[in-house]
Amino acid sequence: MPAVRPRPRLARARIVVSSLWFLIAFAAAASPSVNPALRSAAQRDLGLSPAQLDRWLQLEREAPQRAALAQRRLGAHYAGSWIERGDDGAVRLIVASTDPRVADVGPGVRLRQVRYSLAELEAAKARLDASARLRLPGITRPIDGLYAWHVDQASNSVVVRMAPQALERAVDFAAYSGADSGVLRLERMDVAPQATSQVYAGVAYQKNGAPSCSVGFAVRQGATKGFVTAGHCGVAGESIWMDGAPIGHIVASEFPVADRAWVAIGDQHEVLPLVSNYAGGFYFVRGSYESYHTSVVCRSGYKTGYQCGLVNAKNVTVNVGGNGPVYGLTETTACAGFGDSGGGWIDIGEQAQGVTSASNIPAGAPHNCGMFGAFTWFQPVNPILERYGLTLVTL
């Protein structure tokens, strides 16, 4: 599918989705429905060979059904599933089980024996979330320096990412939560997650006339046009500008706890089901089907353009910039920079995934692209649509 170029009459105040990409409505990556530019970007950012990418995308398509079959067979012993590239370079679908008696969970699936079930992992993560909500001044330690926690199926643990000096706080946090200490894995993260909005000049929307964040997906609420973005980008009532002129205002915004907002714009502006590839073209938005764990996803934002990565974890709790925990985010290995906030994420099937929330950007740096251990988190888009009664603009 060739890239779609905007019509000249849209140059004024077009609302363009700031993200990208494509899920798999094809059996093999050689399908003509896959844009060569998208394949190239995925190979560039993920370090995959053409054959490995073909196999990865094929497994993305097959994984939900295969994993569901395995879960039915394993029942309470099911411990998760994911796609991984082995040391031999082979790309495989892994299913984990706590039952050593099970030898087969379906064709084309590699079985792995683990200690904890997925239900046990999720229960431990829920205890941490509850503990974060119940901090008691003078009794429990603050959670500054505890950056994020999530269920990590591949390591069969709940990973808690923390600052190097926050070990005592992490231990106190875990003990207060009542979570099984055996299920927790503490990981050092040298750079704190930060909300990625900042005043920059460039292609973006502006808040009260000053450059701010990246436009998310075009939406409608009844007859009202608009777009979704990150909640930390502004508060309800603030004026939003594009191309040097006001076009609308923030209708609703939530941050922290969630990181979502939507902007209503005037009827004279056009909303399009497009995603900028920051190379002079655009891709379509076809829906908002949520991608599989370990799927390939990409994001678009005015600061760092078009970047790809993998879904590392879902339902992640992130302590964003010391403002407090944001729940239910998706963690990826893509990079981002200040100003990319609110920009959209799409998978290989052109399905909208979410809007950029935070990234672990080093102090004094404009982004974390090229940094070892770079993470970016996004707020899933479907909860935003449901929360505000919005309809995604699609092809």
Side-chain angles (χ1 to χ4, degrees), residues 67-68 70-71 74-84 94-100 102 111-136 139-164 166-189 192-193 256-259 290 292-294 310-320 324-333 357-358 360 373 375 377-380 383:
Q71 187 168 12
L74 293 170
H77 294 287
Y78 179 72
S81 59
W82 61 93
I83 303 168
E84 70 176 28
I94 309 296
V95 167
S97 170
T98 61
D99 187 352
V102 176
L111 186 66
R112 187 166 296 170
Q113 298 297 329
V114 295
R115 180 177 178 182
Y116 298 103
S117 69
L118 184 59
E120 290 174 312
L121 296 176
E122 291 175 340
K125 196 266 182 181
R127 284 183 175 273
L128 295 181
D129 284 346
S131 179
R133 292 185 174 99
L134 296 174
R135 296 285 88 189
L136 301 176
I139 299 177
T140 55
R141 299 188 182 191
I143 60 172
D144 296 349
L146 305 183
Y147 294 148
W149 49 95
H150 69 273
V151 170
D152 183 29
Q153 298 176 27
S155 68
N156 194 233
S157 65
V158 175
V159 172
V160 179
R161 293 205 171 99
M162 62 179 189
L167 179 59
E168 289 188 8
R169 287 186 177 181
V171 172
D172 175 80
F173 176 55
Y176 183 74
S177 74
D180 180 358
S181 60
V183 80
L184 303 180
R185 193 177 88 219
L186 305 182
E187 284 190 358
R188 169 174 169 166
M189 190 165 77
V257 180
D259 194 4
E290 184 177 341
Y292 186 71
H293 173 62
T294 60
L310 299 175
V311 173
N312 220 28
K314 296 185 179 184
N315 191 27
V316 183
T317 302
V318 183
N319 190 10
V320 180
V326 177
Y327 302 93
L329 299 184
T330 297
E331 181 179 288
T332 76
T333 59
S357 174
N360 60 334
F375 298 106
W377 295 267
F378 67 76
Q379 167 79 64

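Note: hydrogens, waters and symmetry copies are ignored here, and every other heavy atom, side chains too, is used.
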TODO: Using the side-chain contact (heavy atoms from CB on, under 4.5 Å) rule, take Arg133 and Tyr327 through it: C-alpha gap first, then chi angles, then the decisive distance, then the call.
DONE: CA-CA 11 Å; Arg133 292 185 174 99; Tyr327 302 93; 3.1 Å; yes
TODO: Could you walk me through whether Thr332 and Asn312 pass side-chain contact (heavy atoms from CB on, under 4.5 Å), step by step?
DONE: CA-CA 5 Å; Thr332 76; Asn312 220 28; 5.8 Å; no
Any idea which heavy atoms bring [X] and [Y] closest together, and the distance?
{"X": "Gly145", "Y": "Ala166", "answer": "O-CB, 3.6 Å"}
{"X": "Gly324", "Y": "Pro256", "answer": "O-CB, 3.8 Å"}
{"X": "Gly328", "Y": "Asn315", "answer": "CA-OD1, 3.6 Å"}
{"X": "Ala132", "Y": "Ile143", "answer": "CB-CD1, 4.4 Å"}
{"X": "Met162", "Y": "Ala170", "answer": "SD-CB, 3.7 Å"}
{"X": "Val151", "Y": "Ala313", "answer": "O-CB, 4.1 Å"}

Short question: side chain of [X], backbone of [Y] - any donor-acceptor pair under 3.5 Å?
{"X": "Asn156", "Y": "Tyr116", "answer": "yes"}
{"X": "Asn360", "Y": "Gly373", "answer": "yes"}
{"X": "Lys125", "Y": "Val316", "answer": "no"}
{"X": "Glu120", "Y": "Ser117", "answer": "yes"}
{"X": "Asn319", "Y": "Ala148", "answer": "no"}

- [ ] Please step through side-chain contact (heavy atoms from CB on, under 4.5 Å) for the pair Ser357 and Phe378, ending with a clear verdict.
- [x] CA-CA 5 Å; Ser357 174; Phe378 67 76; 5.6 Å; no
Looking at side-chain heavy atoms only, is the closest gap between [X] and [Y] below 4.5 Å?
{"X": "His150", "Y": "Val158", "answer": "no"}
{"X": "Ser97", "Y": "Leu111", "answer": "yes"}
{"X": "Leu186", "Y": "Leu167", "answer": "yes"}
{"X": "Leu329", "Y": "Thr317", "answer": "no"}
{"X": "Ile83", "Y": "Leu310", "answer": "no"}
{"X": "Leu74", "Y": "Val102", "answer": "yes"}
{"X": "Glu84", "Y": "Arg112", "answer": "yes"}
{"X": "Thr294", "Y": "Val311", "answer": "no"}

Counterpart residues, salt bridge (charged side-chain N to carboxylate O under 4.0 Å, His left out), relative to [X] (two or more places apart):
{"X": "Asp144", "value": "none"}
{"X": "Glu187", "value": "Arg161, Arg185"}
{"X": "Arg127", "value": "none"}

Open item on the list: One thing to verify: whether Lys314 and Glu290 come together as a salt bridge, which I'm taking to mean a side-chain N less than 4.0 angstrom from a carboxylate O.
Closed with: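 Yes, this pair counts.
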Task: Between Trp377 and Glu331, a side-chain donor and acceptor under 3.5 Å - done: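 Yes - a donor-acceptor pair under 3.5 Å links their side chains.
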TODO: Scan side-chain atoms only and decide if Thr98 and Tyr78 contain a donor-acceptor pair under the 3.5 Å cut-off.
DONE: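 Side chains of Thr98 and Tyr78: no pair found under 3.5 Å.
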- [ ] For side-chain contact (heavy atoms from CB on, under 4.5 Å), just list the numbers for Val320 and Asp259, CA-CA rounded to whole Å, side-chain angles, deciding distance to a tenth of an Å, and then say yes or no.
- [x] CA-CA 10 Å; Val320 180; Asp259 194 4; 5.7 Å; no
Open item on the list: Quick check for you: to the nearest 0.5 Å, what is the distance between Ser81 atom OG and Leu118 atom CG?
Closed with: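 One gets 8.5 Å once the value is rounded to the nearest 0.5 Å.
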TODO: Give a yes or no on whether the ring-centroid distance for Trp149 and Phe173 is below 6.0 angstrom.
DONE: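 Yes, the ring of Trp149 comes within the 6.0 Å limit of the ring of Phe173, centre to centre.
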